[in-house]
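Chain naming here is simple, since letters A, B, ... match the order of the sequence lines and numbering starts at 1 in each.
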Protein chains: 4
Amino acid sequence: MKLQGIFPPIATPFDHKGDIWKVKVQHNVEKWNRTGLSGFVVCGSTGESVLLTEAEKIHLWEWVAEYAASEKLLIAGTGVEGVRETVSLTNRAADMGYKAAMVRTPHYYKNLINNGPAQMLYYRAVADQSKIPLIIYNWPQATGVDIPPDAVAELSNHPNIIAVKESSGNLEKVMQMIREVKPGFNVLVGSAPTLAPSFAVGAVGAILAFANAAPYATISIWEAHRTREPEAAMDWQGRISHASQLVTTKYGVPGLKYAMDLMGYYGGPPRLPLIPPCPAAKQEIEQAFADLRG
Amino acid sequence: MKLQGIFPPIATPFDHKGDIWKVKVQHNVEKWNRTGLSGFVVCGSTGESVLLTEAEKIHLWEWVAEYAASEKLLIAGTGVEGVRETVSLTNRAADMGYKAAMVRTPHYYKNLINNGPAQMLYYRAVADQSKIPLIIYNWPQATGVDIPPDAVAELSNHPNIIAVKESSGNLEKVMQMIREVKPGFNVLVGSAPTLAPSFAVGAVGAILAFANAAPYATISIWEAHRTREPEAAMDWQGRISHASQLVTTKYGVPGLKYAMDLMGYYGGPPRLPLIPPCPAAKQEIEQAFADLRG
Amino acid sequence: MKLQGIFPPIATPFDHKGDIWKVKVQHNVEKWNRTGLSGFVVCGSTGESVLLTEAEKIHLWEWVAEYAASEKLLIAGTGVEGVRETVSLTNRAADMGYKAAMVRTPHYYKNLINNGPAQMLYYRAVADQSKIPLIIYNWPQATGVDIPPDAVAELSNHPNIIAVKESSGNLEKVMQMIREVKPGFNVLVGSAPTLAPSFAVGAVGAILAFANAAPYATISIWEAHRTREPEAAMDWQGRISHASQLVTTKYGVPGLKYAMDLMGYYGGPPRLPLIPPCPAAKQEIEQAFADLRG
Amino acid sequence: MKLQGIFPPIATPFDHKGDIWKVKVQHNVEKWNRTGLSGFVVCGSTGESVLLTEAEKIHLWEWVAEYAASEKLLIAGTGVEGVRETVSLTNRAADMGYKAAMVRTPHYYKNLINNGPAQMLYYRAVADQSKIPLIIYNWPQATGVDIPPDAVAELSNHPNIIAVKESSGNLEKVMQMIREVKPGFNVLVGSAPTLAPSFAVGAVGAILAFANAAPYATISIWEAHRTREPEAAMDWQGRISHASQLVTTKYGVPGLKYAMDLMGYYGGPPRLPLIPPCPAAKQEIEQAFADLRG
């Protein structure tokens with residue numbers, strides 16, 4: 001399976017009581033359907049998956065599958081700490097038509113994971129039992145665990161592991177993975193602030209929170225890269241840099257949701273303990289995204 | 001509510017298919033009933049709570065409540081990332097007779113938690129909606145987040161937050177919390193290798209993984225402290241030091257479960273991605289625990 | 001050689017042009033001579049040794065040796081990154097009558113030091129060539145390198161390495177070292193906020209920045225420990241806790257120097273890039289030390 | 001002043017007694033004179049400057065100035081912890097004809113540097129008193145301190161601070177600095193494994209340990225970038241990736257010196273506590289560099 005282009009890990013719309021708001025799922029997905037996004041990741045970190053119950057995840061998968069245009073590739077975020085539950089979630093998503101599962105690194109028992117075979121074993125055990133192929137998902141800023149390039153290279157030989165999403169923003173690591181993985185294995189990145197150079201060094205796609213609010217800007221970088229216009233890619237990169245930092249590193253999911261509201265999508269409130277940005281943060285986000293609408 | 005003495009965060013017994021083994025829950029709890037342990041924490045980190053489904057947690061709470069002697073205080077580990085689900089779990093446990101809930105720090109969205117009000121807000125929101133009082137649970141080695149002493153001091157003023165379990169092993173922090181919290185607030189520790197000095201500086205109790213396998217040794221330290229025999233406490237501390245490091249820092253839950261098997265409790269296998277200790281580790285554990293049985 | 005009791009790593013007095021002020025060295029040392037301090041460490045971290053030239057270090061050693069009472073043990077801080085220069089400095093100090101050298105862990109080439117034999121080799125090479133015995137000095141908060149307890153235990157077998165000063169404040173580590181080092185090897189600590197519990201677990205002495213400004217308070221803890229009055233030790237510990245945090249962790253050497261000025265010693269200005277505390281910090285220090293003068 | 005192209009921070013040749021070997025300085029510099037290297041950095045981290053005495057640094061500066069071809073730009077590594085000594089060293093180098101001083105971030109008193117104005121103040125105080133302009137040098141992997149992009153941007157307004165050498169390998173940070181510094185300020189990088197993408201995002205030059213042993217390979221990347229051949233730059237990048245990791249991250253200065261010996265330069269032994277690579281490491285280096293000689 002070939003993964004390429006830009007995928008948003010979609011934000012989960014909640015109403016003001018905190019329940020998932022189905023009609024807003026529809027609104028957002030139908031609006032994204034009209035862009036050049038390659039597909040959707042449903043129940044990733046940006047989707048506040050750690051704040052959802054299992055039942056809610058299944059509803060979301062179902063609804064997005066219903067509204068997504070047929071050419072959009074569907075990816076489910078299914079990784080939890082245990083092998084057993086991850087497999088169960090992955091196979092539920094597979095039954096609903098999802099083509100791949102994005103599985104983040106287990107990380108709670110850090111000491112055992114960093115000093116032993118648990119990490120490799122986790123991915124192999126999940127991959128062995130899953131009906132759809134896996135995407136390794138590494139985001140050390142949240143998990144406190146960083147899967148090393150040679151582990152990814154070794155896992156790339158498993159027939160049911162097809163990609164990695166590297167969200168650290170570490171280009172040296174991205175380059176090393178590209179050199180060492182099995183040919184055909186997809187190295188995707190997850191950091192908008194280093195998107196253009198990631199493509200320049202060989203990444204084939206990206207799963208970007210920022211693409212929820214500003215899909216065209218990220219697709220422009222991808223297209224500039226594909227048509228061999230590195231200056232244009234870097235120019236677009238410069239234009240998104242500030243806005244993309246605000247809604248990832250600086251203000252996170254709540255900031256992104258506010259930006260979605262500004263850009264014609266439904267963002268709405270996050271779930272507690274996440275809280276909406278303060279007025280000063282909102283203003284900063286408004287200014288940064290004003291430049292991207294013009 | 002006064003918490004004091006030693007509480008094991010009980011290990012969850014699985015059979016060899018990986019399901020919770022009810023009869024072994026009974027075996028362990030009835031054996032612990034005959035010790036001087038002050039109570040039980042059910043579904044903590046040692047209980048592999050991050051590898052359990054919600055339904056499994058509820059079964060465990062039910063079974064332990066059924067088998068525990070009436071004088072044992074029941075504490076439920078209910079903390080997950082979201083306020084909503086943590087409250088829901090806490091109130092389920094309250095309905096089953098649990099007297100307090102141990103709630104670990106939320107940690108996935110580290111950046112937002114470390115640089116804003118999310119952490120305080122989380123505990124306040126959960127405490128406001130919970131039918132039973134809360135114990136703040138801090139284990140930075142797993143979560144990558146460390147709640148500062150002044151935050152604990154401030155939260156100690158909430159009428160429904162009654163204790164902290166500080167598992168970092170950082171004595172300076174324990175001392176600072178003891179000085180700064182509201183009088184009557186219970187500072188418990190969670191690190192067996194520094195147990196005797198923690199009591200010496202004023203901790204009133206401990207929630208110790210190691211107590212699953214070696215309750216008498218930990219109770220001996222507590223009793224030596226209560227009867228003002230610091231040399232005896234330090235002597236016992238010396239005797240448990242190696243064994244307690246092996247089944248916490250070094251080999252974690254799988255090592256502890258193996259030690260339980262050696263000590264007449266049922267440990268059994270952990271859930272994947274945790275795996276049983278290798279033969280060399282087993283031998284190391286056997287030697288260390290042999291000294292504690294004599 | 002037996003090291004015990006309290007040693008201040010003495011602050012270096014500068015005049016307002018930034019030169020070492022000899023007459024203030026004399027003033028401070030003569031005042032400390034009248035206390036129960038066990039000796040002096042000259043050119044440690046508190047002495048701003050990283051901001052001194054080699055010539056200045058030699059002057060300081062000379063002057064302190066001249067003014068110190070004969071019963072005070074003289075220790076020179078001689079550790080720099082290279083073996084060659086550390087040996088040279090150590091032997092200069094030996095020639096001036098210093099009885100031991102405190103040698104901090106090398107740390108600049110962290111990657112090589114943490115993943116190879118460089119650290120052990122450094123201490124052995126320096127010890128082999130030094131005329132006086134060594135004290136291993138570990139302060140990971142400054143160096144970013146943490147020498148593990150088993151390395152200290154192994155080095156304790158070298159006939160010319162007689163002690164460790166552990167400044168991390170990590171009690172678990174202190175306890176492990178005490179259990180594992182060669183009998184007679186001196187485990188000293190360097191963290192005032194955990195002084196009483198450090199003695200309770202077996203440390204035989206302490207090298208404390210805080211003792212520059214408040215020698216009596218630290219000696220009181222030591223004496224309470226020696227006379228088996230743990231409550232009195234903890235009581236004193238509570239009284240110094242805030243003040244000692246302010247002049248170590250929070251405001252560092254500049255804060256300590258200000259406290260020295262308050263307590264009748266000469267502190268004076270630090271060298272750039274260290275700068276005197278701001279007015280608010282000064283006020284905080286004044287309040288904390290007022291309680292210690294009464 | 002315009003800095004561009006490739007500069008080696010030159011390794012310091014020692015003879016087998018550990019003294020600086022003047023004739024080998026001459027050999028190396030004269031061989032580098034015949035390459036397209038833009039100049040030399042003398043007494044940087046690669047030059048083992050933390051293992052040299054002040055007198056040795058001055059000798060090295062003198063000798064390199066004597067042997068360097070007139071078109072090579074001379075840069076002195078002069079940064080030590082204190083302002084006073086850094087200024088003194090910088091002005092000595094200026095008197096010997098050095099055109100700029102590379103000054104690493106002070107880092108020993110980390111707590112004060114990370115939480116206050118000490119870092120900015122250090123650079124301003126040194127720049128105010130220096131006869132030659134400064135290059136800020138950031139290598140967090142060694143110092144444990146990371147100067148943030150906005151601090152560099154603010155310092156770029158000082159008339160006597162003209163450049164930064166960013167050695168973290170963090171491309172996102174490099175991009176942010178390039179966007180925020182004063183026009184004309186030179187952003188150089190110090191990480192060979194990310195050289196081509198660093199140029200792609202706008203870095204104007206590089207100071208590379210790896211260039212000691214393989215100047216042509218690094219110059220090839222620079223030339224490919226200048227002539228707008230990004231594929232050729234990436235191709236060269238792929239060819240140096242393994243070798244450059246070996247002699248920086250993995251085996252450090254001792255590994256680099258061994259590679260220099262292989263490539264016709266004099267590397268020789270490092271100073272203790274650095275030690276020559278073990279036989280297996282040597283073999284790994286031989287294989288990696290064999291590909292670069294062909």
Side-chain angles (χ1 to χ4, degrees), chain C residues 14 17-19 45 48-56 80-88 104-113 115-126 129 139-145 248-255 270-275 277-278 281, chain D residues 14 17-19 45 48-56 80-88 104-113 115-126 129 139-145 248-255 270-275 277-278 281:
Chain C
F14 299 113
K17 282 179 302 181
D19 294 316
S45 302
E48 297 171 66
S49 67
V50 296
L51 307 177
L52 302 177
T53 64
E54 188 182 320
E56 288 173 324
V80 291
E81 286 295 309
V83 166
R84 191 176 164 121
E85 223 181 322
T86 302
V87 168
S88 156
R104 69 156 189 259
T105 53
H107 54 271
Y108 193 71
Y109 299 104
K110 288 190 171 50
N111 202 37
L112 300 173
I113 288 163
N115 301 303
Q119 197 170 55
M120 301 288 278
L121 190 136
Y122 171 89
Y123 279 108
R124 285 186 175 132
V126 174
Q129 303 171 64
W139 190 27
Q141 288 90 333
T143 62
V145 158
T248 54
T249 329
K250 193 159 179 189
Y251 299 120
V253 175
R271 271 198 177 160
L272 282 173
L274 300 183
I275 46 172
C278 64
Chain D
F14 299 112
K17 284 179 301 182
D19 295 316
S45 302
E48 296 171 67
S49 66
V50 296
L51 307 176
L52 301 177
T53 64
E54 187 182 320
E56 288 174 325
V80 291
E81 286 294 310
V83 165
R84 192 174 162 124
E85 223 182 321
T86 303
V87 168
S88 157
R104 68 158 190 257
T105 53
H107 53 272
Y108 193 70
Y109 300 105
K110 288 190 172 46
N111 202 37
L112 300 173
I113 288 162
N115 301 303
Q119 197 171 56
M120 300 288 279
L121 189 136
Y122 172 88
Y123 279 109
R124 285 187 175 131
V126 174
Q129 302 172 64
W139 190 27
Q141 288 91 333
T143 61
V145 158
T248 54
T249 327
K250 193 160 181 188
Y251 298 120
V253 175
R271 270 197 178 160
L272 281 172
L274 300 184
I275 45 172
C278 66

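For a residue to count as touching a neighbouring chain, one of its non-hydrogen atoms must lie under 4.5 Å from one of that chain's; by this rule Arg104(C) touches chain D with the side chain only. In this structure, the portion of Ile275(C) lying under 4.5 Å from any heavy atom of chain D is its side chain and not its backbone. Proximity to chain C involves both the backbone and the side chain of Thr249(D), based on heavy atoms less than 4.5 angstrom apart. Looking at Tyr123(C), there are no atoms closer than 4.5 Å to chain D (heavy atoms on both sides), in backbone or side chain. Only the side chain of Leu112(D) comes within less than 4.5 Å of a heavy atom of chain C; its backbone N, CA, C and O stay farther away. There is no contact between Ile113(C) and chain D, counting heavy-atom distances below 4.5 Å. For a residue to count as touching a neighbouring chain, one of its non-hydrogen atoms must lie under 4.5 Å from one of that chain's; by this rule Thr143(C) touches chain D with backbone and side chain alike.
Residues satisfying the side-chain hydrogen bond (donor to acceptor under 3.5 Å, both in side chains) criterion with Tyr122(D), sequence neighbours excluded, are Thr86(D). Listed by chain and residue number, Thr53(C), Glu54(D), Val80(D) satisfy the side-chain contact (heavy atoms from CB on, under 4.5 Å) test with Glu85(D) (two or more places apart in sequence, or in another chain).
Between Lys17(C) and Arg84(D), the closest heavy-atom pair is O-NH1, 3.4 Å. Residues Pro273(D) and Val83(C) approach most closely at N-CG2, 4.0 Å, considering heavy atoms.
In terms of heavy-atom pairs under 4.5 Å with chain D, the best-connected choice from Gly82(C), Ala142(C), Gly144(C) is Ala142(C). Of the listed residues (Pro106(D), Ser88(D), Ala118(D)), the one with the most heavy-atom contacts under 4.5 Å to chain C is Ala118(D).
Note that the NE2 atom of His107(C) and the NE2 atom of His107(D) stand 5.0 Å from one another [nearest 0.5 Å].
Under the 3.5 Å distance criterion, the side-chain polar atoms of Tyr108(D) are left unmatched by any main-chain donor or acceptor of Glu48(C).
The side-chain heavy atoms of Glu81(C) and Leu274(D), taken from C-beta on, include no pair separated by under 4.5 Å.
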